[in-house]
Structure formats: C-alpha cells, structure tokens
Amino acid sequence: MNSIYNALQPVDFVIVILYLLILFGLGYYVSFVKKRKKGENLFLAQHTLGWSSIGLNMWGTNVGPSMLIASASIGYSTGIVAGNFAWYAFVFIGLLALYFAPRYLGAKISTLPEYMGLHFGLRTRTILAWYTLITILISWLSLGLFAGGILVQQLLNIPMWQSVLAMIVLATFFAASGGLRAIALTNMFQMILLIAVSLLLVILGIEKIGGLSQLFQKTPDHYWNLFLPANDKAYPWTAIILGYPIMGIWFWCTEQSMVQSVLGAKSLEQGQLGANFIGWLKILDVPLFILPGIICFILYPHMKNPDEAYLVMVTQLFPAGMKGLIIVVLIAALVSNIGSSLNSVSTVFTMDIFVKKYQPDATNKEIIRIGRYVTVGSAVISVIIALAINSIKGLNLFDVFQSVLGFLAPPMSVVFLFGILWKKTSAKAVNMVLTYGTGFSVLVGVLYLWVWPSSKYPAWPHFLLLSFYIFLILSLFLFAVSSLAGRRTEIQNKGKLVVDFVPKKPSRLVIFSWVLLTIVMVALYIYFNGH
C-alpha cells in the first residue's frame, strides 16, 4: 500500500481536488440554485429520464469501486469466467424490460414494495419495504463502502474507518441534496470518464505486453473460457448456470436500486430501450474491468494480493497526473453507487413506510425532508456494517461480494416469480417467505461466511449452488403454503386488478434492439469457450 501511495505526485492530488469541487458545485446548483418544479418527485426524477440516462444511471449504480478492484482481482486469479456476472445478465435485463417493466410502469408505482402491495395487501408491502431497506443497506451501501475503503486505503495509506467516512460524507451530501435527477446528470459524465480512463489503462497494458497476440500467448488457455469444468474450485459451470439466475432475477428485476431508473422513465419504450442500453454497456465490463487483471497477471505474476491488481496497473503504467485521473474515476464510481443506493433507501422508507403507514397526508416538502433524514441515517448504519464486513476472512473481494448477494437473492426471486406468474400464490405464503425464508437464507450465509467459513470447511458446495438450493427449498415451501391456503384474496387497484394488467406490445425498435443484443451475446459465448 505504501508503494501505491508514494507513487502519487502533487499534480495527482490537484486533479482530485478540482474534480471534487466541480462535483460539490453541481450538487449545490441542482439542490439550492436551480428552481425545483412545484410537487417535483425527488425520487423518480419527475419521470423525465430517457433511454441514455436510464442505461448510464443503471450502469453507474452497478459499477462501483468494488467492480474495478474485484473484477481485476478475479481476472488476475481466474481469467474471464467472472464475465458471466456481466454477460449472462442480459437474459435477466431482458426479462426486466419485456416482462416486469410493463407491469411496473402500468401500475404507476414508485417502489417495488408498492407494486407487490397491490397484489397481496398492505402487510406484504410493509414487510417487503423493510426487506428492501435491509438488502440495500447490506448489498449496496455496506459492501460498496467496504470495497471503497480498501481502495482508498491503497491510494492514500489511511485507516479503513477514515477512508469509509471520507467517501460516505461526499456521497451522502450529493444524494441528500439533489436526489435521483442530480445523480443521473452526473452519471452521464462519470461513466464516460470511467470508460475513457479504463480503456486507456487496457491499451497501455497491452502495449507493454507486446500486443494482442502476446496477450493470448502468455495467458493460460482456460483464462479465456466463460464456462469452466464442473470440478473447478473457483467457478464451475454448474454453479454459473444454476446459481446465477437466482441472483440475476433478484438483482436486475426486483432490486429497487437497479429498477428505480426504469421507474423514472419518460415512457415504457424509453424504459425498455434504457434497459437494452445497459445490456450493451455490460459487454464492456470484461474488457474494461476484468482484462486489466489478466494483463497484470502477465506483467506481475507473483503478486501476493490480487486485490491490488488494478491499482498496481495504475501506478506502474500511468504517468503523473493520469494517476490522479483514475482516482477521480474511482471516486466518481463510488459516489454514483452509494448515491443511487442512498436515494433508493430514502425512497422506500418515505413512500412505503412513512407516507403509507404513519403520515398519509404528508406534503411533498415534508416527504423530501424525511427522505433526507433517512439518507443521513442510512449512511451512518452502512459505515458500521462495512467495518464489520472487514472481519470476513478467507475470500477475495469478488467472492465476498457475490456470496453475500447470493444469500440475499433467493427470497425475493421466489416471491416475485411466483407472485406474478402463479395466480394461486397466497399472501400468507409470500409473507412467510419474506420473513422466515429470509431468516433461513441469511442464517446459511452467516454459517458459510463467518461460523464455518468455506476456506476451512471445503465440504460446503459453491455459494452459487447454495443460492440455488435455497431457492428450491423456498419455492417448495411457498407452493405448499399457497396450495393449502387456497386462492388468494385479489387486491383491487382503482377498480382494476393489477394481476389482470395486459402489457403493451413492445415497439419494433425495442424488439429489434433486443434481438440484436441476443445475437451478439450468443456469439460472444460461442467464441469465449473451448479454449
């Protein structure tokens, strides 16, 4: 870590300070100078988001410091197999665009707990709201801060708690002041900057290796396979095929932080095209975030800690000034990730708990004020959890991230799939899965990560397979409870059953965009296998 810090020059710090001043200025302008329309929805950007803003904002929410560090780390260790978490996602992003989004937007909801409440009643909405709050706090804020803390430790050589506090203060100010619209505006700039700097890092690395031919020749053949043998310890193909869909459905179709940008779309078509756009952007994850780790493996094959791969590349390949630029990009990604997540926590609490249960006549001004209080409170809690996650041992950063998500995903995937696809799903079954099922899934995760860690107890199956097994158990449980309870009581929304909502047929442009993306993804999977 000291070598990374010592490699920084004064000009690098100047660039960082200038960027932070610009970022604070933009947040201040959106919040206190620019006039906000009367009754403007702080959370859904007044339904003004077009396809480009939606795609970039979703990608910005997904791409945080953890993506940069963890992806390079797993690329250094195993090659492109972790690219499945980016490329396999197009199936579930398509499910969001073509199946879930028409129902969400057709129901005119602000949050996903609100949508499920229209199906199963207020109790389900309240339980799901609390579930969503907890999962966002853990999966987005706390894990994101943990990864950011590792990043800033490597960059500035300061303790974990100081680096976490520094990042959360910046993100909290931005989320509490400007809401989703401010975040979406800056994501456009941040993501373009992220692409440019990461691409330059890859180009410099390939030049130092001696070109693309040397890149392939000096790398083990299995590094270029998306599917590895079933007996592979890192990521067997069985775990990817069976386990990732559980995570993918939850993450891309039912997770408030990811879906919220689509909920703020100008129209259904814009939302569907925005989802398609992030499908294309996810292709960039492998060359921009995983490939630097593979290049680092070739250049520096004897590193003890793969988590340092990304910043080792930065400090060794970038000249003075450019090191500061990459720090700016990392800070931008962290602000985007944490800011969007804080905004989602605030949205769910104010709309699904505060307004719905405690103060239904609250004015927009009161809602915004409460939302800002919740944003600050969530930031404090996430710092505490992030420091606790720092105690997990035996897993690299990428595996920590994905395993935690894998244990959070099954209950939500079960509830949304059965709740929307199977009309006999009962409210009692849904509520029991959300409470007892979540407790069971989290308990397995605690045993796997802390009590009997897989590094010491190899009898554990892969965490993705564990996620799949938990999904099957909860599905059988929900089916049994619903079958015994009989047909659920249907909840009406303004005289029309939400369950009877007939989505609009996608436009030709939407259909064409998804067909084209599917062809490209299938071609990529064919090419990056059999090596």
Side-chain angles (χ1 to χ4, degrees), residues 66-67 69-92 139 143 216 219-252 282-283 285-286 289-291 293-294 297 306-307 309 392-410 413-414 441 444-450 452-475 521-531:
S66 56
M67 174 70 75
I69 302 174
S71 295
S73 174
I74 199 70
Y76 185 98
S77 304
T78 64
I80 69 167
V81 63
N84 283 289
F85 290 85
W87 288 1
Y88 194 7
F90 90 95
V91 175
F92 310 101
S139 64
L143 283 174
F216 288 103
T219 309
D221 289 341
H222 69 272
Y223 265 46
W224 302 106
N225 286 332
L226 286 166
F227 291 142
L228 299 179
N231 61 355
D232 184 81
K233 293 182 179 180
Y235 283 100
W237 70 267
T238 50
I240 296 291
I241 293 295
L242 296 176
Y244 180 75
I246 313 305
M247 188 188 302
I249 292 170
W250 165 67
F251 188 81
W252 294 107
K282 291 298 290 179
I283 296 176
D285 285 9
V286 172
F289 308 134
I290 294 179
L291 187 56
I294 299 175
F297 171 78
D307 287 346
I392 296 177
K393 305 299 180 184
L395 294 177
N396 61 46
L397 181 60
F398 189 87
D399 287 344
V400 168
F401 236 79
Q402 301 304 333
S403 60
V404 170
L405 297 182
F407 292 118
L408 291 174
S413 296
V414 169
S441 189
V444 174
V446 170
L447 294 176
Y448 178 89
L449 293 171
W450 280 286
W452 298 311
S454 58
S455 59
K456 294 183 179 180
Y457 299 88
W460 280 107
H462 194 278
F463 65 82
L464 286 177
L465 287 176
L466 272 176
S467 181
F468 175 70
Y469 298 150
I470 294 171
F471 174 84
L472 290 181
I473 292 172
L474 296 185
S475 296
M521 296 309 301
V522 170
L524 287 173
Y525 266 86
I526 293 174
Y527 182 78
F528 286 103
N529 273 298
H531 296 286

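All of these numbers come straight from a predicted model, not from anything done at the bench.
- The OG atom of S403 sits 9.5 Å away from the CG atom of L408 when rounded to the nearest 0.5 Å.
- Applying the side-chain hydrogen bond (donor to acceptor under 3.5 Å, both in side chains) criterion to Y525, with sequence neighbours excluded, gives N84.
- Using a distance-only test at 3.5 Å, with no hydrogens or angles considered, a donor-acceptor pair links the side chain of N225 to the main chain of G530.
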*For the pair V286 and L291, evaluate side chain to side chain contact (heavy atoms under 4.5 Å, CB included) and give the outcome as yes or no after the intermediate values.*
CA-CA 6 Å; V286 172; L291 187 56; 5.7 Å; no
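- Taking the side-chain hydrogen bond (donor to acceptor under 3.5 Å, both in side chains) definition, one finds that S441 meets it with nothing, sequence neighbours left out.
- Listed by chain and number, the residues in a ring pair (Phe, Tyr, Trp, His ring centres under 6.0 Å) with F471 amount to none (sequence neighbours excluded).
- Residues forming a ring pair (Phe, Tyr, Trp, His ring centres under 6.0 Å) with F297 (at least two apart in sequence, or on another chain): Y76, Y223.
- In this structure, G75 and I294 approach most closely via the heavy-atom pair O-CG1, 3.5 Å.
- Counting heavy atoms from C-beta outward, M247 and Q402 have side chains that approach closer than 4.5 Å.
- Contacts of F216 classified as ring pair (Phe, Tyr, Trp, His ring centres under 6.0 Å), with partners at least two apart in sequence or in another chain: W224.
- Using a 4.5 Å heavy-atom cutoff, the side chains of S73 and F398 are not in contact.
- Judged as a ring pair (Phe, Tyr, Trp, His ring centres under 6.0 Å), and not counting sequence neighbours, the contacts of Y244 are F85, Y88, F92.
- Take W460 and apply the side-chain contact (heavy atoms from CB on, under 4.5 Å) test, not counting sequence neighbours, and it matches V444, L447, Y448, W452, S454, Y457, L466.
- Looking only at distances, a side-chain donor or acceptor of H462 sits under 3.5 Å from a matching main-chain atom of A234.
- Listed by chain and number, the residues in a side-chain hydrogen bond (donor to acceptor under 3.5 Å, both in side chains) with D232 amount to none (sequence neighbours excluded).
- At least one side-chain heavy atom of M521 sits less than 4.5 Å from a side-chain heavy atom of I283.
- With hydrogens and angles ignored, the 3.5 Å screen pairs a side-chain donor or acceptor of N529 with a backbone N or O of F227.
- Between D285 and S71, the closest side-chain pair of non-hydrogen atoms is not below 4.5 Å.
- The shortest distance between side-chain heavy atoms of L226 and I80 falls below 4.5 Å.
- For the atom pair CG of L228 and CD1 of I240, the computed distance is 8.0 Å after rounding to the nearest 0.5 Å.
- For S467, the side-chain contact (heavy atoms from CB on, under 4.5 Å) partners two or more places apart in sequence, or in a different chain, are I246, P410.
- Contact between A239 and L464 at its shortest, heavy atoms only, is O-CB, 3.5 Å.
- In this structure L242 satisfies the side-chain contact (heavy atoms from CB on, under 4.5 Å) test together with L465, F468, sequence neighbours excluded.
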*Working for side chain to side chain contact (heavy atoms under 4.5 Å, CB included), residues F463 and L449*: CA-CA 10 Å; F463 65 82; L449 293 171; over 6 Å; no
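- Side-chain contact between Y235 and D399 is present, with heavy atoms from C-beta onward closer than 4.5 Å.
- Qualifying side-chain contact (heavy atoms from CB on, under 4.5 Å) partners for A459, counting only residues two or more places apart in sequence or in other chains: none.
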